[in-house]
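One structure is given below, encoded as structure tokens.
Every heavy atom of this structure was used, including side-chain atoms; hydrogens, water molecules and symmetry mates were not. The structure presented is a predicted model; accordingly, all values stated were derived computationally and were not measured.
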Amino acid sequence: MSQFQHDQSRRAFLKRAGALGMAGVAAPFVTSLGAIGEAAAATNSDYKALVCVFLYGGMDYANTLVPYDTAGHAQYLAARQNIAIQRDALAATALTPSADLKGGRHYALAPTMASLKPLFDAGRMAPILNVGTLVEPTTKAQYQARSVRLPPKLFSHNDQQSYFMASQPEGATSGWGGRIGDLFQGGNGAATLTCINASGNAVYLTGRNAIQYATGTGGPVALLNNASTLYTSGAAQQALKTLMTTAPGHMMGAEHAAISKRALDTYAQVAGALSGAPTSAFPLFPTNNTLADQLKMVARMISVSADLGARRQVFFVSMGGFDLHDNLATQHPVLMGRVADAMRAFHDTTVALGVSEKVTSFTASDFGRTLVSNDDGSDHGWGSMHFVVGGAVKGRRFYGEAPDIGNGTAHDVGQGRLIPGIAVDQYAATLATWFGVPAGDLSTVLPNIGNYDASTRDLGFL
């Protein structure tokens with residue numbers, strides 16, 4: 001976990017401890033699937049899941065989705081100096097979309113992201129170009145004149161993490177994933193299992209009513225590690241549970257007891273359901289990959305969704321380490337390789353479970369980074385490139401406008417810091433609409449969506 005992620009989680013915990021602390025085309029990609037088959041029977045035909053993959057620290061866009069056309073790569077190479085990826089290293093991951101970008105622009109994935117290329121080729125992955133936090137559509141002239149409202153505290157990690165997740169800077173009390181959960185938790189057998197966080201705590205999954213449920217990579221977190229005794233005494237263990245769940249004669253104590261009972265009951269429910277979907281039944285995930293470990297837990301939860309009475313679920317996983325002011329050329333390829341391998345394994349597992357068209361995963365981050373290098377790294381930026389993966393994705397094409405490449409272009413505010421061409425609100429609205437959020441409720445989920453013309457709110461990638 002990055003320091004920024006840790007700080008955000010600590011602050012959010014202190015603010016909300018009471019509420020959150022208790023609470024057919026892809027078939028060739030899939031191998032060794034025999035062990036998963038039985039879990040597929042547990043899925044619900046009306047089930048849908050959104051999975052947010054948050055990359056803490058600010059994902060470097062230029063070495064993730066790399067300009068590949070000759071002119072574009074030359075401009076990229078001139079700006080990046082000693083941290084650029086050479087063009088001949090990109091041939092194997094060059095993307096051939098079904099519809100060409102304007103101006104003959106082409107892109108390639110970072111070489112270590114090769115595992116995602118077959119998903120792009122099969123139409124199950126779509127890159128979304130130049131996404132970032134905005135209040136309203138913004139041009140460079142408007143930015144320079146300060147004639148439009150801008151996200152507060154641009155280029156600040158904690159604030160832009162929060163703004164991406166919640167449409168408010170640090171201190172937000174609900175995020176758009178949680179607000180989606182507010183709309184759907186009544187249709188789930190257990191409302192507590194609507195918003196599930198496999199990586200700790202994030203405002204993204206906190207609703208106005210929905211409370212995120214935290215799991216570890218091995219399953220739900222048990223009281224005292226599920227020990228049968230307390231200080232070797234079974235009676236003491238039972239007494240502790242009784243004290244935790246028995247309502248005293250005052251309001252705060254009664255609420256604490258109710259939350260404790262809910263936590264213990266939910267643990268038993270989830271642990272019981274997961275016992276039918278053991279970790280060994282999910283063989284596709286790589287080892288020594290913390291993001292893959294979290295996504296494996298998400299896949300296990302999805303496989304027992306019907307047993308849990310869940311029809312709509314929003315998940316959150318994350319990975320830190322992207323604040324690469326230094327050593328970008330050596331560290332960024334490793335990080336993006338882990339992201340790609342984890343997301344590929346997760347998608348292939350949803351294929352095996354028979355739910356790939358019901359599950360959509362997408363990347364998110366604080367912001368992008370500068371195109372211009374600062375010797376061996378890049379600095380805080382704004383817009384970035386993101387990816388959406390799943391059987392419902394209308395892939396093998398790019399969404400959005402390819403930004404100009406360089407320092408001081410019409411699309412950047414200096415050093416290649418991209419002015420977002422697509423707002424997080426539009427990105428999120430497209431995901432929410434697929435999930436089933438009615439058009440009339442989008443403003444409840446995304447308070448700034450009314451600043452965008454109705455024809456641009458659904459980007460069309462789902």
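Residues passing the side-chain hydrogen bond (donor to acceptor under 3.5 Å, both in side chains) test with Asp121, sequence neighbours excluded: Lys117. In terms of the ring pair (Phe, Tyr, Trp, His ring centres under 6.0 Å) criterion, Tyr452 has no residue partners (sequence neighbours excluded). Legend: residues meeting ring pair (Phe, Tyr, Trp, His ring centres under 6.0 Å) with Phe285, ordered by chain and number and at least two apart, are absent. Evaluation of the ring pair (Phe, Tyr, Trp, His ring centres under 6.0 Å) rule for His106 yields no partner, not counting sequence neighbours. Partners of Tyr163 according to the ring pair (Phe, Tyr, Trp, His ring centres under 6.0 Å) rule, which considers only residues two or more places apart in sequence or in another chain, do not exist here. For Thr433, the side-chain hydrogen bond (donor to acceptor under 3.5 Å, both in side chains) criterion is met by no residue, not counting sequence neighbours.
The ring pair (Phe, Tyr, Trp, His ring centres under 6.0 Å) analysis of residues 118-147, with sequence neighbours excluded, yields the pairs Phe120-Phe398, Tyr143-Trp382. The salt bridge (charged side-chain N to carboxylate O under 4.0 Å, His left out) pairs that include a residue from residues 61-82 are Asp60-Arg80, Asp69-Arg105, where partners are two or more places apart or lie in different chains. Under the ring pair (Phe, Tyr, Trp, His ring centres under 6.0 Å) criterion, no residue pair touches residues 121-140, with sequence neighbours excluded. Pairs engaging residues 432-446 under the salt bridge (charged side-chain N to carboxylate O under 4.0 Å, His left out) rule: none recorded [sequence neighbours left out]. Residue pairs meeting the salt bridge (charged side-chain N to carboxylate O under 4.0 Å, His left out) criterion with at least one member in residues 133-145, sequence neighbours excluded, are Glu136-Arg149. Pairs engaging residues 420-430 under the side-chain hydrogen bond (donor to acceptor under 3.5 Å, both in side chains) rule: Gln426-Thr456 [sequence neighbours left out].
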Next item on the list: Mind running side-chain contact (heavy atoms from CB on, under 4.5 Å) on Tyr204 and Cys52 for me, showing each step along the way?
Entry: CA-CA 9 Å; Tyr204 171 76; Cys52 178; 3.7 Å; yes
Next item on the list: Would you check, one step at a time, whether the test salt bridge (Lys or Arg N to Asp or Glu O under 4.0 Å) holds for Asp46 with Arg311?
Entry: CA-CA 6 Å; Asp46 192 36; Arg311 300 180 67 175; 2.4 Å; yes
Notebook entry, point to check: Between Gln168 and Asp159, is a side-chain contact (heavy atoms from CB on, under 4.5 Å) present by the stated rule, with each step listed?
Noted result: CA-CA 8 Å; Gln168 291 181 339; Asp159 293 289; over 6 Å; no
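Between the CG atom in Asp348 and the CZ atom in Arg124 there is a gap of 9.5 Å [rounded to 0.5 Å]. Rounding to the nearest 0.5 Å places CG of Leu55 at 9.0 Å from CG of Leu335. Summarising the geometry, atom CD1 belonging to Ile85 is positioned 8.0 Å from atom NE2 belonging to His332; distances are rounded to the nearest 0.5 Å.
For the pair Arg87 and Tyr68, the cation-pi criterion (under 6.0 Å, within 45° of the ring axis) is fulfilled. Geometric assessment of Arg312 against the ring of Tyr47 yields a negative cation-pi assignment under the 6.0 Å and 45° thresholds.
Looking only at distances, a side-chain donor or acceptor of Gln160 sits under 3.5 Å from a matching main-chain atom of Lys153. Of the possible donor and acceptor atoms, one in the side chain of Gln294 sits under 3.5 Å from a partner among the backbone N and O of Ser318.
Ring pair Phe164/Phe367: centre-to-centre distance not below 6.0 Å.
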